[in-house]
Amino acid sequence: MRNINEIEKKWQNYWEKNKSFKAETGSSKEPYYILVEFPYPSGQGLHVGHVRSYTAQDAMARMMRMQGKNVLFPMGWDAFGAPAEQYAIKNHIHPKEAVKENIKTFKRQMQTLGFSFDWDREFSTTDPEYYKWTQWQFLQFYKHGMAYKDTVPVNWCPTCKSVLSNEDSAGGVCERCGSQVVQKEKSQWMLRMSDYAEDLLKGLDDTNFAEKVKLGQINWIGKSIGAEVDFKVDGCKEQFTVFTTRCDTLFGATYCVLAPEHKLVDKITTKEHKKEVEEYKHACTLKNDMERTELNKEKTGVFTGAYAINPVNNKKIPIYISDYVLASYGTGAIMAVPAHDDRDYEFAKKFNIEIIPVLEGGDISKEPFVGDGLHINSGLLDGLNKEDAINKMIEFLEKNKLGTKKVNYKMRDWIFSRQRFWGEPIPMIYCEKCGWVPMNEEDLPLLLPDVAEYEPTDNGESPLAKITDWVNTTCPKCGGKARRETDTMPNWAGSSWYFLRFMDSHNDKEFASMDAMKYWKRVDWYNGGMEHTARHLLYARFWVQFLYNIGLVPSKEMIWTRVSHGMVLGSDNQKMSKSKGNVINPDDIVKEYGADTLRTYEMFMGDYQMDCPWSTESLKGCKRFIDKVIRLKDKVVDGEEYSTDLEVIINKSIKKVQNDLCSMGFNTAISTLMILANKYDEKDHITKKDYKLLLTLLNPIAPHITEELNEELGYNPICESSWPIYDEAKTIDEEKEIGVQVNGKVRATIKVNINDSEEVIKEKALKEENVIRHIDGKEIVKFIIIKGKIINIVVK
RNA sequence: GCCUGAGUGGUGGAAUGGUAGACGCGUCGGACUCAAAAUCCGAUGGUAGCAAUACCAUGUGGGUUCAAGUCCCACCUCAGGCACCA
């Protein structure tokens with residue numbers, strides 16, 4: 001046989017030439033859309049982790065095509081982003097050149113692996129034909145009041161010289177470069193994502209996401225139901241509002257805390273406390289979120305000198321400021337109930353504030369009691385449980401106009417501006433006379449200029465700000481002098497709707513036609529990394545829901561199932577990285593062992609959804625399996641029927657492989673095929689049909705060699721054939737070995753026939769010597785026969 | 001601290017409540033070979049035993065059940081995510 005790489009090349013060319021995997025919009029076959037997250041084409045080339053998830057989805061796609069479905073399995077490039085920009089800065093080339101190179105490498109690598117993507121639908125988020133529509137969609141957000149400019153304290157990375165989203169700077173550290181993030185005030189484009197909090201929560205019911213994925217979304221949205229309560233400041237007209245989920249503990253509120261940034265702080269602070277308060281506030285601005293949370297072991301804060309009036313009992317209670325209260329959540333102010341909240345308790349102990357228990361149970365001299373209990377010291381609430389007390393208190397507050405029921409979400413609006421060159425320009429123009437004016441839609445795309453300088457400015461302006469030719473323009477409204485927005489969009493923008501574009505990739509009239517979207521209906525199966533299941537999925541769902549609300553997509557949720565894969569770790573069980581020297585390059589493996597072996601190994605290595613270490617030894621085992629399949633061809637004799645003695649195992653194998661490929665049981669699908677091949681190997685001869693069956697079942701995972709062997713038998717290509725159909729009746733063994741237990745312990749195994757009556761089985765079991773020994777002299781109290789599974793004899 | 005996973009041989013991992021360790025890797029022994037590679041055959045959880053077989057064994061401790069890796073309760077460890085969210 002010829003060299004394995006030549007065979008692989010031959011079939012890759014065949015598929016390309018014959019457009020074997022083209023998805024036809026409008027075809028009468030049942031549409032099925034399998035999507036795998038499009039990669040960021042980094043300079044590192046394809047990772048063996050990519051190979052794992054692409055092979056998995058490829059196997060599904062190939063099987064489903066054979067089952068007669070019209071499978072859409074596309075691939076593209078998420079190519080905007082900081083790494084390409086940094087690479088360009090370093091090497092003094094335009095990022096689009098670097099991206100072009102990287103895409104070429106990625107695509108070549110994917111093609112040598114034989115993935116059945118419909119390459120006719122390929123695009124990159126950096127193509128003007130694509131980002132034109134990303135910009136167009138931004139304009140729709142703007143025109144529907146969903147995009148606005150606001151000055152917000154933002155996370156600033158001094159190294160990247162860029163603003164980061166809360167998400168990107170999780171933990172106070174820049175996700176890109178790892179530097180410490182500081183706080184800075186900046187005017188930013190924002191998307192009103194918080195308006196969609198409730199819909200994003202509800203929409204989950206219309207999806208088939210895995211439970212853990214749904215939970216991730218729910219946690220991120222962070223809904224909590226509570227009440228807002230107004231507190232008057234003693235001795236002046238001012239008042240402030242707090243948010244609480246436990247308004248039933250209001251009688252135990254012995255102080256209030258405002259966030260240091262709260263607007264009221266300056267107004268209510270008394271002369272004697274001014275200096276202290278100012279110092280504390282200043283200290284807080286120096287700290288970023290990371291430091292604030294890190295130093296949370298010890299509560300800090302200062303007294304403002306002012307007092308609030310507890311609205312339920314008119315008690316004067318002190319007002320403090322402390323950074324344990326966040327300005328960005330709720331109202332930026334809390335009522336503190338030290339008897340029943342850990343944080344408030346700690347604070348109260350430190351500042352010697354009164355602690356009044358209002359719930360029965362626990363010992364508050366030692367620790368706060370946060371459980372459920374009947375109310376005490378609470379006037380109208382005394383004797384009630386938590387739920388009743390909350391309801392009664394809300395009723396009381398609303399009746400007396402002291403507060404209202406209120407729902408809060410952790411999810412905030414999406415900060416949409418980035419001070420970078422390599423992103424979609426935001427198509428907005430600032431005119432002294434007219435203010436912010438959107439570009440005319442006909443003028444899109446707004447292209448990135450072709451210049452050679454991409455360094456951000458030191459004052460945090462985007463590199464685009466330096467390109468005056470580009471920046472200076474005229475106002476679309478009044479025709480006067482105006483300036484373009486120089487910020488660009490975040491990386492998440494282009495990936496929030498790419499799956500819609502794949503339905504109609506080359507449409508130059510619309511981002512995708514309604515007809516095409518109605519035909520494909522939705523992404524039926526979406527595979528991606530666990531790290532993207534919270535953020536990316538939430539952004540994409542928000543984007544789609546907005547488009548739905550303005551009538552541009554056919555349904556509110558366009559993604560049905562979301563699944564995630566485990567990582568491929570280095571053989572040292574660590575994440576692969578250059579510095580650790582544990583990186584495996586797929587090119588090397590393909591060259592030495594062939595794409596089919598690599599694909600088979602990555603599917604066999606372990607549970608698809610779990611991380612798994614690389615093992616070249618195990619890879620060789622899969623090579624051996626492929627070689628065995630090739631060798632089996634020598635046993636083939638003519639015959640267009642299955643060998644009689646193989647019928648059961650063949651039908652069983654079809655059923656198992658088919659079910660496993662649909663439910664991500666790739667490793668057990670391969671083990672089934674290994675068992676089948678071993679069975680064939682035991683025989684002197686197998687029929688052509690037996691052999692073709694094995695090749696067909698293995699084809700989704702190892703498509704090249706199976707096509708080659710199939711062709712040598714004289715059959716039409718497998719990718720143009722049908723998936724075999726199994727006969728349920730023939731998946732059952734006539735005879736089976738089952739265990740015989742005595743008191744739950746296996747003492748023998750017996751052969752039973754499918755037609756054996758219980759009497760016969762009983763008789764067989766009781767004939768076994770070892771069984772007789774264990775029941776000897778005892779009384780049989782129960783005789784349990786589970787057909788085809790086990791026998792258990794209970795004796796006393 | 002909270003949420004989500006996961007703890008099974010030397011190793012990657014299999015097991016709709018029904019013979020734990022499928023399938024693969026490694027190791028050991030054997031065949032073929034001048035030799036090696038490749039391939040093939042056999043053995044391989046632990047302890048005891050020549051063996052039949054017995055006992056132990058799925059992170060720990062309880063429980064439910066004729067039967068528990070699987071279900072329930074408590075706890076321990078590891079990984080990932082969130083983290084002062086009132």
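Each chain gets a letter, A, B and so on, in the order the sequences are listed, and its residues count up from 1.
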### Query
How about Lys350(A): does its NZ atom have over 12 heavy atoms from other parts shown lying under 6.0 Å from it?
yes
### Task
Ignoring backbone atoms, establish whether Ser224(A) has a side-chain N or O less than 4.0 Å from OP1 or OP2 of A86(B).
yes
### Query
Is Asp607(A) touching bases, backbone alone, or none of the nucleic acid, heavy atoms closer than 4.0 Å?
sugar-phosphate
### Query
Around atom NZ of Lys263(A), are there more than 12 heavy atoms of other residues, nucleotides or ligands at under 6.0 Å?
no
### Query
Around Glu735(A), counting heavy atoms of other residues, nucleotides and ligands shown, do more than 12 lie under 6.0 Å from its CD?
yes
### Summary
Between Thr668(A) and Glu211(A), whichever has its closest RNA chain B nucleotide further toward 5' is Glu211(A)
### Message
Within the 4.0 Å heavy-atom criterion, would you say Asp627(A) contacts the bases, only the backbone, or no part of the nucleic acid?
### Response
nothing
### Message
Only pairs with both distances under 3.5 Å count, Watson-Crick or wobble alike; so what is the partner of C66(B) in this structure?
### Response
G18(B)
### Task
Describe the nucleic acid contact of Ile334(A) in one word from base, sugar-phosphate, nothing, applying a heavy-atom distance below 4.0 Å.
base
### Residue mapping more 5' on RNA chain B - nearest nucleotide basis, Asn678(A) or Arg246(A)
Asn678(A)
### Query
Hey, is the side chain of Asn573(A) poking within less than 4.0 Å of OP1 or OP2 on A79(B), counting only N and O atoms?
no
### Six-ring centre of Tyr680(A), Lys635(A) cation under 6.0 angstrom, axis tolerance 45°
no
### Query
When only distance counts, do a donor and an acceptor, one from the side chain of Lys299(A) and one from the base of C84(B), lie under 3.5 Å apart?
yes
### Task
Mind checking Met610(A) for me? I need base, sugar-phosphate or nothing, with any heavy atom below 4.0 Å counting as a touch.
sugar-phosphate
### Query
Quick one: is A52(B) close enough that its OP1 or OP2 comes under 4.0 Å of any side-chain N or O from Arg747(A)?
no
### Message
Quick check on U53(B): is either OP1 or OP2 less than 4.0 Å from any side-chain nitrogen or oxygen of His774(A)?
### Response
no
### Task
Name the nucleic acid region contacted by Asn667(A), choosing base, sugar-phosphate or nothing; use a 4.0 angstrom heavy-atom cut-off, strictly under.
sugar-phosphate
### Same-atom distance (P) from A86(B) to G5(B), integer angstrom
22 Å
### Message
What's Asn219(A) touching, base or sugar-phosphate or nothing? Going by heavy atoms closer than 4.0 Å.
### Response
sugar-phosphate
### Query
Charged N to carboxylate O under 4.0 angstrom, Asp341(A) versus Arg246(A)?
no
### Task
Give a yes or no answer on whether the side chain of Arg747(A) reaches the backbone of Asn770(A) with a donor-acceptor pair at less than 3.5 Å.
no
### Query
Contact class for Glu769(A) (heavy atom, under 4.0 Å): base, sugar-phosphate, or nothing?
nothing
### Query
Could Lys620(A) and Glu617(A) be called an ion pair, given the rule that one side-chain N must be under 4.0 Å from one carboxylate O?
yes
### Message
If the threshold is 4.0 Å, N to carboxylate O, is there a salt bridge linking Asp627(A) and Arg631(A)?
### Response
no
### Query
Across the strands shown, which category fits His340(A) at heavy-atom distances under 4.0 angstrom: base, sugar-phosphate, nothing?
nothing
#### Entry: Separation of the P atoms in U4(B) and A54(B), to the nearest angstrom
43 Å
### Query
Is there a side-chain polar atom (N or O) of Tyr324(A) under 4.0 Å from OP1 or OP2 of A86(B)?
no
## Note on the structure
Its glycosidic angle compared against 90° from 0, G45(B) adopts the form anti
### Spacing of the P atoms in G24(B) and A43(B) (rounded, Å)
14 Å
### Message
Considering every strand and a 4.0 Å limit on heavy-atom distances, what is the contact class for Ile784(A): base, sugar-phosphate, or nothing?
### Response
base
### Task
Just call it for Thr245(A): base, sugar-phosphate, or nothing, with non-hydrogen atoms closer than 4.0 Å on any strand.
sugar-phosphate
### Identified pairing partner of A38(B), criterion: Watson-Crick or G-U wobble below 3.5 Å
none
### Task
Using the C1' atom as the reference point in each nucleotide, state the distance between A68(B) and C3(B) in Å, no decimals.
27 Å
### Task
Determine the Euclidean distance between corresponding P atoms of G63(B) and C78(B); express it in Å to zero decimal places.
28 Å
### Query
What nucleic acid atoms does Asp344(A) come within less than 4.0 Å of, heavy atoms only: base, sugar-phosphate, or nothing?
nothing
### Query
Would you say G26(B) has OP1 or OP2 under 4.0 Å from some side-chain N or O of Arg624(A)?
yes
### Message
Any base atoms under 4.0 Å from Gly330(A), or only sugar-phosphate, or nothing? Heavy atoms, all strands.
### Response
nothing
### Query
For C75(B), which nucleotide is its Watson-Crick or G-U wobble mate, given both distances must be under 3.5 Å?
G59(B)
### Task
Ignoring backbone atoms, establish whether Lys782(A) has a side-chain N or O less than 4.0 Å from OP1 or OP2 of C66(B).
yes
#### Entry: Proximity to the side chain of Glu617(A) - top-ranked nucleotide from A86(B), C25(B), G18(B)
C25(B)
#### Entry: Atom-to-atom span, CZ of Arg631(A) to P of U39(B) - whole angstrom
7 Å
### Query
Expressed in whole Å, how much space separates the P atoms belonging to C23(B) and G42(B)?
12 Å
### Message
Could you tell me how far apart Asp611(A) (CG) and U4(B) (C1') are, to the nearest whole angstrom?
### Response
14 Å
### Side-chain N,O (Lys745(A)) to OP1/OP2 (C56(B)) below 4.0 Å
yes
### Query
Across all strands, who's sitting opposite A43(B) as a Watson-Crick or G-U wobble pair, both distances under 3.5 Å?
U27(B)
### Task
Identify the nucleotide, in any strand shown, that forms a Watson-Crick or G-U wobble pair with G1(B), with both distances under 3.5 Å; if there is none, say none.
C82(B)
## Note on the structure
U33(B) -> Watson-Crick or G-U wobble partner, both distances under 3.5 Å, gives none
### Query
Rounded to the Å, how far apart are Ile626(A) CD1 and G24(B) C1'?
13 Å
#### Entry: Aromatic Tyr324(A) / basic Lys299(A) pairing, under 6.0 angstrom, 45° off normal
yes
### Message
Heavy atoms only, 4.0 Å cut-off, all strands: where does Lys410(A) land among base, sugar-phosphate and nothing?
### Response
base
